[in-house]
Amino acid sequence: MSENRMQTVKLSAPLQVGGKDVLVLTVRPCTIGDEEDAMQDAVGMHRGNNPLTAEMTLLARIVRVPYDALRGLSSGDYLKLRAAFNAVNGTDESQENPTPEAAGTPEQA
């Protein structure tokens with residue numbers, strides 16, 4: 001993992017982590033192992049079918065903050081965290097949904 005691919009996210013309000021205020025989160029690139037472990041965490045919470053929980057467990061892993069602490073983020077800070085994740089991992093949030101069109105739609109006619 002290249003250190004220069006990390007990004008920091010400054011939060012609008014601190015998170016409580018281990019009794020301390022955290023105002024900056026460092027987002028590192030994730031590995032497929034991180035994704036697998038995060039899904040296992042979500043399944044262990046009996047929320048493996050909730051896409052937001054799966055995403056949050058992954059983000060918690062890569063910023064090294066407990067899942068329960070991450071739940072305290074504001075929506076705006078969560079969006080900043082998600083954007084940093086996308087930038088660090090080379091994903092483009094604006095990509096069109098890759099789900100194939102159903103039979104009978106103009107693309108299948």
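- Here the side chains of F85 and V63 are not in contact, with every heavy-atom distance at 4.5 Å or above.
- When side chains are defined from C-beta on, R71 counts as touching D68, because their heavy atoms get closer than 4.5 Å.
- The two residues V88 and V27 make their nearest non-hydrogen contact at CG2-O, 3.8 Å.
- Criterion: ILVMFWY side-chain heavy atoms under 4.5 Å apart, direct or through other members. Under it, L52 and L25 are part of a common hydrophobic cluster.
- A donor-acceptor distance shorter than 3.5 angstrom exists from the side chain of D34 to the backbone of T31, with no hydrogens or angles considered.
- Considering all non-hydrogen atoms of both residues, L70 and A60 come closest at CD2-N, 3.6 Å.
- Contact detail for P29 and M6: the closest heavy-atom pair is CD-CG, 4.3 Å.
- Taking CG of L59 as the reference point, atom CG of L73 lies at 9.0 Å (rounded to 0.5 Å).
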Cut-off 3.5 Å, no hydrogens considered: what does the side-chain donor-acceptor table look like for residues 11-24, sequence neighbours left out?
residue, atom, partner, partner atom, Å
S12, OG, D77, OD1, 3.3
S12, OG, D77, OD2, 3.0

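- Residues D41 and Y67 have side chains not in contact (no heavy-atom distance under 4.5 Å, counting atoms from C-beta outward).
- When the salt bridge (Lys or Arg N to Asp or Glu O under 4.0 Å) test is applied to E35, no partner is found at least two apart in sequence or on another chain.
- Here the closest heavy-atom approach between residue V9 and residue K80 is recorded as CG1-CB, 3.8 Å.
- Annotation: side chain of M45 is not in contact with side chain of N50 (no heavy-atom distance under 4.5 Å).
- Heavy-atom minimum distance, G48 versus M39: O-SD, 3.8 Å.
- Atoms OG1 and CG, on T53 and L58 in that order, are 12.5 Å from each other to the nearest 0.5 Å.
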